[in-house]
**Student:** 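Input: one structure, supplied below.
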2 protein chains.
Amino acid sequence: MTPHHQEESRCESCPIRERAVCATCDSDELQQLEAIKYYRTYEARQPIMWRGDRMEFVASVVSGTATVEHLTEDGRKQTLGLLLPSDFIGRPGRDTALYDVAAVTEVTLCCFRRKQFEELVQTTPHVSQRLLEMALDELDAVRDWMFLLGRKTAREKIASFLMMYYRRTVTPEQQFGAATVDLSLTREAMADYLGLTLETVSRQFSKLKSDGVIKLEGKRKVIIPDVHALAREAGDDSIIA
Amino acid sequence: MTPHHQEESRCESCPIRERAVCATCDSDELQQLEAIKYYRTYEARQPIMWRGDRMEFVASVVSGTATVEHLTEDGRKQTLGLLLPSDFIGRPGRDTALYDVAAVTEVTLCCFRRKQFEELVQTTPHVSQRLLEMALDELDAVRDWMFLLGRKTAREKIASFLMMYYRRTVTPEQQFGAATVDLSLTREAMADYLGLTLETVSRQFSKLKSDGVIKLEGKRKVIIPDVHALAREAGDDSIIA
DNA sequence: GCGGGATGTTGAGGTATATCAACGACAGGG
DNA sequence: CCCTGTCGTTGATATACCTCAACATCCCGC
């Protein structure tokens with residue numbers, strides 16, 4: 001075992017320790033998880049899971065970006081979720097995948113064999129409670145996305161996406177002055193997530209840029225001079241409660 | 001207490017006993033739930049909960065139809081979920097509602113005071129496991145709806161809605177020959193659920209009717225001569241796995 | 001029986017976004 | 001260095017759905 005590998009496998013120093021499915025585990029429970037976990041890395045643009053596949057494992061994303069997507073025979077594609085570090089893949093209690101999962105960038109997963117993980121869920125309340133918490137949080141996020149897909153304009157969709165991406169990837173201490181986000185997604189991947197075509201995404205980026213709401217540095221780096229202005233473009237009600 | 005009321009409160013004879021959050025409870029756990037529950041009825045078109053409200057209770061739908069919806073200041077509305085008997089309202093661990101809930105028809109809820117329910121979730125694994133199961137099932141349903149909202153045509157949306165409604169309201173033993181469904185939703189409510197306008201919904205109903213895919217009896221009763229034909233119109237891939 | 005509100009249908013016309021197409025920038029491999 | 005593939009931009013045109021509007025139907029209260 002290389003030193004690199006060893007360092008990866010120590011849960012205590014894991015980058016997603018605080019937010020992943022193991023967040024609320026005590027050291028005893030962590031040991032149980034440690035015993036059944038293994039790491040796995042996927043290259044960019046590789047499939048992680050196909051719909052209908054037998055799911056051998058569930059996993060946490062340690063690094064990189066992946067997507068959950070649904071693809072039809074006639075070529076339509078809708079991205080159903082963006083998987084960023086600490087997000088969970090798979091579902092205990094189901095043995096075939098319902099959706100495709102694909103690596104967008106290089107992705108490292110912390111995998112747990114499904115059968116063993118399911119037993120663990122039965123016996124360690126901290127894991128099952130955290131799993132419920134994460135599922136309910138995701139349900140809320142997905143419902144917000146339903147509003148976006150059903151009722152927002154293309155411009156609002158792009159602004160909303162940038163806000164979401166900003167909130168999920170930029171840490172609080174970085175959030176001063178002009179913000180920059182480094183998108184890991186192509187225009188096409190964003191289109192699939194937003195229920196648009198890639199041309200419309202590109203046009204709306206150009207429009208937001210010429211309107212001064214964002215600046216572009218290269219193709220993938222977005223500078224947001226005024227985060228509140230972008231938030232207003234997203235068309236969400238100001239938070240009252 | 002009226003006899004009617006007494007009958008309602010016996011969990012053993014509850015119509016949703018097999019499918020609701022209490023489905024996997026043993027008789028001991030059922031007693032605990034019985035101790036903290038109360039029934040509440042709402043008239044059609046009445047709000048059950050407003051976004052931002054303090055949530056005093058969580059609840060199971062016993063009878064009737066309700067919707068979870070998101071409404072913006074500028075008047076756009078998107079229905080995020082249809083609540084039918086056995087569906088669960090609210091979320092333990094959150095004290096203000098994120099979405100509006102409204103009664104579509106007259107609705108009867110089996111309510112549990114939130115604080116007490118949360119304690120119960122901590123102590124009875126059957127309830128928390130069932131809650132997780134239901135949350136994950138709903139996540140799957142909502143993801144299918146995301147595909148509908150993002151990528152389906154108006155005609156496919158209507159067909160998909162009818163199939164979903166058929167599957168959720170018609171019991172297996174009724175599923176012989178020509179099927180009929182009795183919609184509890186107005187054209188406008190369907191439009192809000194499908195990300196369409198009510199005019200488009202009406203037109204697509206007319207079109208499906210003139211194409212012989214459905215028949216109408218009155219405004220709300222839909223006869224489906226060939227369920228498979230309707231399923232084909234829904235634009236979902238045939239189930240392979 | 002008669003008004004009025006809620007619901008549903010249908011038509012005419014407008015528009016946001018999709019589609020089709022051309023082209024530019026860039027990266028990697030031979 | 002060029003070739004090829006991936007990614008992104010922009011333009012011209014098409015179209016699915018929305019908007020606005022008129023009208024029909026049903027139900028309920030009086």
Side-chain angles (χ1 to χ4, degrees), chain A residues 43-46 65 72 74-78 102-105 148-161 182-211 214-222 233 235, chain B residues 43-46 65 74-78 102-106 148-161 182-211 214-222 233 235:
Chain A
E43 283 172 45
R45 263 156 286 139
Q46 294 305 301
T65 305
T72 50
D74 60 3
R76 284 181 280 184
K77 188 200 278 188
Q78 175 68 48
V104 173
T105 62
L148 176 146
L149 290 173
R151 296 304 188 194
K152 283 187 179 177
T153 64
R155 184 185 176 97
E156 290 171 331
K157 286 178 176 183
I158 299 293
S160 301
F161 171 78
D182 210 339
L183 300 172
S184 52
L185 276 67
T186 64
R187 302 289 188 257
E188 187 180 13
M190 289 186 263
D192 289 337
Y193 199 13
L194 297 168
L196 297 171
T197 58
L198 66 95
E199 293 94 329
T200 298
V201 171
S202 184
R203 275 186 251 271
Q204 294 298 333
F205 262 93
S206 301
K207 192 89 198 321
L208 285 171
K209 183 182 162 190
S210 72
D211 291 348
I214 59 172
K215 291 185 172 64
L216 292 177
E217 211 176 282
K219 304 300 186 188
R220 300 284 187 89
K221 190 166 266 178
V222 179
E233 294 288 347
Chain B
E43 284 171 45
R45 264 155 284 137
Q46 295 306 302
T65 304
D74 60 4
R76 283 180 281 184
K77 188 201 278 190
Q78 175 67 48
V104 173
T105 62
E106 179 174 289
L148 176 147
L149 291 173
R151 297 302 188 194
K152 283 188 179 176
T153 64
R155 184 184 176 98
E156 289 171 332
K157 285 179 176 183
I158 300 292
S160 301
F161 172 79
D182 211 337
L183 300 172
S184 53
L185 276 66
T186 63
R187 302 289 187 257
E188 187 180 12
M190 289 186 262
D192 289 337
Y193 199 14
L194 297 169
L196 297 171
T197 59
L198 66 95
E199 294 95 328
T200 298
V201 171
S202 184
R203 274 186 251 271
Q204 294 298 332
F205 263 94
S206 301
K207 192 86 198 318
L208 285 171
K209 183 182 164 191
S210 72
D211 291 349
I214 59 172
K215 290 185 172 63
L216 293 177
E217 211 174 283
K219 303 300 187 188
R220 301 284 187 89
K221 190 166 267 180
V222 179
E233 294 288 345

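Every chain is numbered from 1 and lettered A, B, ... according to where its sequence line falls, protein lines coming before strand lines.
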**Student:** If we check side-chain contact (heavy atoms from CB on, under 4.5 Å) with B:I158, which of these qualifies: B:Q204, B:M190, B:E233, B:K152?
**Tutor:**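 Going through B:Q204, B:M190, B:E233, B:K152 one by one, the side-chain contact (heavy atoms from CB on, under 4.5 Å) with B:I158 is satisfied by B:Q204 alone.
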**Student:** To the side chain of A:L216, which of C:dT9, D:dT9, C:dT17 is closest?
**Tutor:** D:dT9
**Student:** May I have the distance from B:K152 (atom NZ) to C:dA18 (atom P), rounded to whole angstrom?
**Tutor:** 18 Å
**Student:** When you look at CZ of A:R45, are more than 12 heavy atoms from neighbouring residues, nucleotides or ligands closer to it than 6.0 Å?
**Tutor:**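 No, the 6.0 Å shell around CZ holds no more than 12 heavy atoms from other groups.
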**Student:** Verify, without hydrogens or angle tests, whether B:T65 (side chain) and B:T105 (backbone) share a donor-acceptor contact under 3.5 angstrom.
**Tutor:** no
**Student:** Expressed as a whole number of angstroms, how long is the span from B:E43:CD to D:dC28:P?
**Tutor:**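 It works out to 14 Å between those atoms.
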**Student:** To the nearest 0.5 Å, how far apart are CG in A:L183 and CZ in A:R220?
**Tutor:**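 Going from the CG atom of A:L183 to the CZ atom of A:R220 covers 7.5 Å.
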**Student:** Looking only at atom types and distance, does a side-chain atom of B:R187 sit under 3.5 Å from a main-chain N or O of B:K219, one as donor and one as acceptor?
**Tutor:** yes
**Student:** Would you mind classifying the nucleic acid contact of B:T186 as base, sugar-phosphate or nothing, using non-hydrogen atoms under 4.0 angstrom?
**Tutor:**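 Sugar-phosphate, no base atom in range.
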**Student:** Nearest to the side chain of B:T200, which nucleotide is it out of D:dC17, D:dT9, C:dG8?
**Tutor:**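 It is D:dC17.
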**Student:** In whole angstroms, how far is the C1' atom of C:dG11 from the CG atom of B:L198?
**Tutor:** 15 Å
**Student:** To the nearest Å, how far apart are A:K207 NZ and C:dT17 P?
**Tutor:**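 One finds 11 Å between P of C:dT17 and NZ of A:K207, rounded.
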**Student:** Under 4.0 Å, heavy atoms only, any strand: does B:G195 hit a base, just the sugar-phosphate, or nothing?
**Tutor:**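 Contact class for B:G195: sugar-phosphate only.
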**Student:** Would you mind reading off the distance between B:I158 atom CD1 and D:dA16 atom P, rounded to a whole angstrom?
**Tutor:**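 It works out to 16 Å between those atoms.
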**Student:** Using a cut-off of 4.0 Å on non-hydrogen atoms, how would the nucleic acid contact of A:T197 be classed: base, sugar-phosphate, or nothing?
**Tutor:** base
**Student:** Check whether the side chain of A:E188 and the base of D:dC7 form a donor-acceptor pair under 3.5 Å.
**Tutor:**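 Check fails, no donor-acceptor contact within cut-off.
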**Student:** Measure CG/A:L149 against C1'/D:dC17 and give the value in whole Å, please.
**Tutor:** 17 Å
**Student:** Under 4.0 Å, counting only non-hydrogen atoms across every strand here, what does B:L196 touch: a base, just sugar-phosphate, or nothing?
**Tutor:**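 Sugar-phosphate: the residue B:L196, judged by heavy atoms under 4.0 Å, touches backbone atoms but no base.
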**Student:** Which residue lies toward the 5' end of DNA chain D, B:Q204 or A:R45, if each is placed at its nearest nucleotide?
**Tutor:** A:R45
**Student:** Is a donor-acceptor contact shorter than 3.5 angstrom present between the side chain of B:R203 and the base of D:dT19?
**Tutor:** yes
**Student:** Rounded off to whole Å, could you give me the CG-to-P distance for the B:L148 and D:dC17 pair?
**Tutor:**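 B:L148 atom CG is separated from D:dC17 atom P by 12 Å.
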**Student:** Whole-Å distance between C:dA16 C1' and A:R151 CZ?
**Tutor:** 15 Å
**Student:** On DNA chain C, compare the nucleotides closest to A:E199 and A:K219; which residue's is nearer the 5' end?
**Tutor:**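 On the 5' side of the pair lies A:E199.
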**Student:** Counting only side-chain nitrogens and oxygens, does B:T153 get under 4.0 Å of the OP1 or OP2 atom of D:dA16?
**Tutor:** no
**Student:** Just to be sure I understand the rule, does B:R220 reach a base, reach only the sugar-phosphate, or reach nothing, if contact means heavy atoms closer than 4.0 Å?
**Tutor:**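 Sugar-phosphate, no base atom in range.
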